[in-house]
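In what follows, chains are A, B, ... by sequence order, proteins preceding strands, each numbered from 1. Model, not experiment: these values are computed from the prediction. Note: hydrogens, waters and symmetry copies are ignored here, and every other heavy atom, side chains too, is used.
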Protein chains: 2
Amino acid sequence: MTDNLQQSFKALADPSRREILMHLSKQDMTIKEVSEHFDMTRAAVKKHLTILQQGNLINIQKNGRERINSLKPEGLQTITEWMDYFNKFWDQKLNNLQTAVANYTEKDDVKNK
Amino acid sequence: MTDNLQQSFKALADPSRREILMHLSKQDMTIKEVSEHFDMTRAAVKKHLTILQQGNLINIQKNGRERINSLKPEGLQTITEWMDYFNKFWDQKLNNLQTAVANYTEKDDVKNK
DNA sequence: TTGACAAGATACCAAAAGGTATCATATATT
DNA sequence: AATATATGATACCTTTTGGTATCTTGTCAA
């Protein structure tokens, strides 16, 4: 199977799935309840929920004949960590730019001396 | 056209594209140079680069007959902001948990009094 | 126990995605 | 000017994806 990072990114790549996460951030919901917010069949919603689960973004807990879907932080954490690499990169690039500007200013000062 | 957030998420959903970003984080590269790191045709790589560009994740700058591809922070920033919503949610949930634990401990203290 | 109701499981379909092959165009290089 | 190089643009193919329809299973309630 593909790795966790890939499954998490894949899960977030669909707008319906991100919308499901938004709903679940307000309250835990059964599959049926999630379905009522969408213009698609319960089967389709359930597929999305399964993909979100595989992406470690939600937890599906059995409760009688219902399945309670709730947000789960692991998947988002995985992605956050991946992005930290690039954020660090950009911070550095920004620092380099600031250094360059500072150097330019210094030269400018010398010129004007 | 679909919105920026969607294009950024879509762009990051493919492992080859994330790998391209990793390469570009080390140095800017032409399309040909990027292609040399992969076992696929230049045409396929170029398609990936176009999708990354649409996701606001890279910049493609013309230089003679070459195209210099470089990282661009906008797309990542868009995604980071989207995730902040959920991170905030999780922080709160964690706080609630900590509060619950604290309360439990207090009751426990009372019991033992 | 006998319907309702929530969910699981498949089979199937159209569209999108990832890839190749191929030809055209623009720019260097000699 | 002629050739080589870097890229653009398409047509085409296969697999994946998002969706429906349909049937089955598990559970609640009368």
Side-chain angles (χ1 to χ4, degrees), chain A residues 1-24 27-70 72 75, chain B residues 1-24 27-70 72 75:
Chain A
M1 204 182 298
T2 50
D3 61 286
N4 288 341
L5 182 66
Q6 174 56 24
Q7 306 240 136
S8 298
F9 267 120
K10 176 190 163 189
L12 288 180
D14 182 89
S16 298
R17 288 195 285 268
R18 293 198 302 278
E19 197 177 335
I20 289 176
L21 292 181
M22 284 293 180
H23 287 302
L24 292 183
Q27 54 176 313
D28 297 353
M29 293 168 49
T30 66
I31 297 178
K32 192 203 169 196
E33 287 170 337
V34 174
S35 301
E36 287 167 350
H37 289 89
F38 291 89
D39 194 27
M40 62 176 102
T41 63
R42 178 190 56 81
V45 169
K46 191 222 157 196
K47 280 191 182 178
H48 283 309
L49 289 169
T50 299
I51 292 174
L52 286 168
Q53 183 185 34
Q54 290 169 345
N56 259 306
L57 292 163
I58 69 170
N59 207 295
I60 306 182
Q61 185 187 351
K62 182 175 177 177
N63 181 19
R65 64 178 162 181
E66 297 180 334
R67 296 293 181 281
I68 311 295
N69 300 272
S70 58
K72 184 177 170 182
Chain B
M1 204 183 296
T2 52
D3 61 288
N4 288 340
L5 181 68
Q6 175 54 25
Q7 306 238 144
S8 297
F9 267 121
K10 176 189 163 190
L12 289 179
D14 182 271
S16 297
R17 288 195 287 266
R18 292 198 302 278
E19 198 176 335
I20 289 176
L21 292 181
M22 284 291 181
H23 286 302
L24 293 182
Q27 53 176 313
D28 298 352
M29 293 168 50
T30 66
I31 297 179
K32 192 204 169 195
E33 287 170 337
V34 174
S35 301
E36 287 168 350
H37 289 90
F38 291 89
D39 194 26
M40 62 176 102
T41 63
R42 176 191 58 80
V45 169
K46 191 223 158 197
K47 279 190 181 180
H48 283 310
L49 289 168
T50 299
I51 292 174
L52 286 168
Q53 183 186 35
Q54 290 168 345
N56 259 306
L57 292 163
I58 69 169
N59 207 296
I60 307 182
Q61 184 188 349
K62 182 175 177 177
N63 181 17
R65 64 179 162 180
E66 297 180 336
R67 297 291 180 283
I68 310 295
N69 300 272
S70 58
K72 183 177 170 182

Practice item. Assign Lys47(A) to base, sugar-phosphate, or nothing according to its heavy-atom contacts below 4.0 angstrom with the strands shown. Key: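 Base contact.
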Please report the interatomic distance [atom1]([X]) to [atom2]([Y]), rounded to the nearest 0.5 Å.
{"X": "Phe9(B)", "Y": "Arg18(A)", "atom1": "CZ", "atom2": "CZ", "value": "5.5 Å"}
{"X": "Ile31(B)", "Y": "Ile68(B)", "atom1": "CD1", "atom2": "CD1", "value": "9.5 Å"}
{"X": "Arg17(B)", "Y": "Leu12(B)", "atom1": "CZ", "atom2": "CG", "value": "8.5 Å"}
{"X": "Lys32(A)", "Y": "Asn69(A)", "atom1": "NZ", "atom2": "CG", "value": "14.5 Å"}

**Study point:** Leu49(B), Ile51(B), Leu52(B) screened by side-chain contact (heavy atoms from CB on, under 4.5 Å) with Leu57(B), the one that passes
**Key:**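 So, applying the side-chain contact (heavy atoms from CB on, under 4.5 Å) to Leu57(B) and each of Leu49(B), Ile51(B), Leu52(B), only Leu52(B) qualifies.
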Review point. So His23(A) and His37(A), would you call those rings parallel, tilted or perpendicular, with 30° and 60° as cut-offs?
Key: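 Ring orientation of His23(A) relative to His37(A): tilted.
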Exercise for review: Might you point out which heavy atoms bring Gly55(B) and Ala11(B) nearest each other, and give the distance in Å?
Suggested key: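 Closest pair (atom of Gly55(B), atom of Ala11(B), distance): CA-CB, 4.4 Å.
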Atom-pair distance ([atom1] on [X]; [atom2] on [N]), nearest Å:
{"X": "Ile51(A)", "N": "dT16(D)", "atom1": "CD1", "atom2": "C1'", "result": "10 Å"}
{"X": "Asn69(B)", "N": "dG8(D)", "atom1": "CG", "atom2": "C1'", "result": "14 Å"}
{"X": "Lys46(B)", "N": "dA6(D)", "atom1": "NZ", "atom2": "C1'", "result": "12 Å"}
{"X": "Asp14(A)", "N": "dT17(D)", "atom1": "CG", "atom2": "P", "result": "11 Å"}

Point to revise | Check: His48(B) and Met40(B) side chains under 4.5 Å, non-hydrogen atoms | key: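 Side-chain contact under 4.5 Å: yes.
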Check your understanding: For His48(A) and dG19(D), is the shortest distance between a side-chain N/O and OP1 or OP2 below 4.0 Å?
Key ->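 For dG19(D), OP1/OP2 do have a side-chain N/O of His48(A) under 4.0 Å.
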**Study point:** Contact boundaries on DNA chain C for chain B, cut-off under 4.0 Å to non-hydrogen atoms
**Key:**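 Span of nucleotides near chain B: dA17(C) to dA28(C).
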Practice item. Could you run through nucleotides 23-30 of chain D and give me one letter per nucleotide, 5' to 3': B if any protein heavy atom sits under 4.0 Å from the base, S if only the sugar-phosphate is that close, - if neither? Key: ---BBS--
Review point. Of all the choices, dG19(D), dA6(D), dG8(D), which nucleotide is nearest to the side chain of Lys32(B) once you look at every atom?
Key: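 Given the options dG19(D), dA6(D), dG8(D), the side chain of Lys32(B) is closest to dA6(D).
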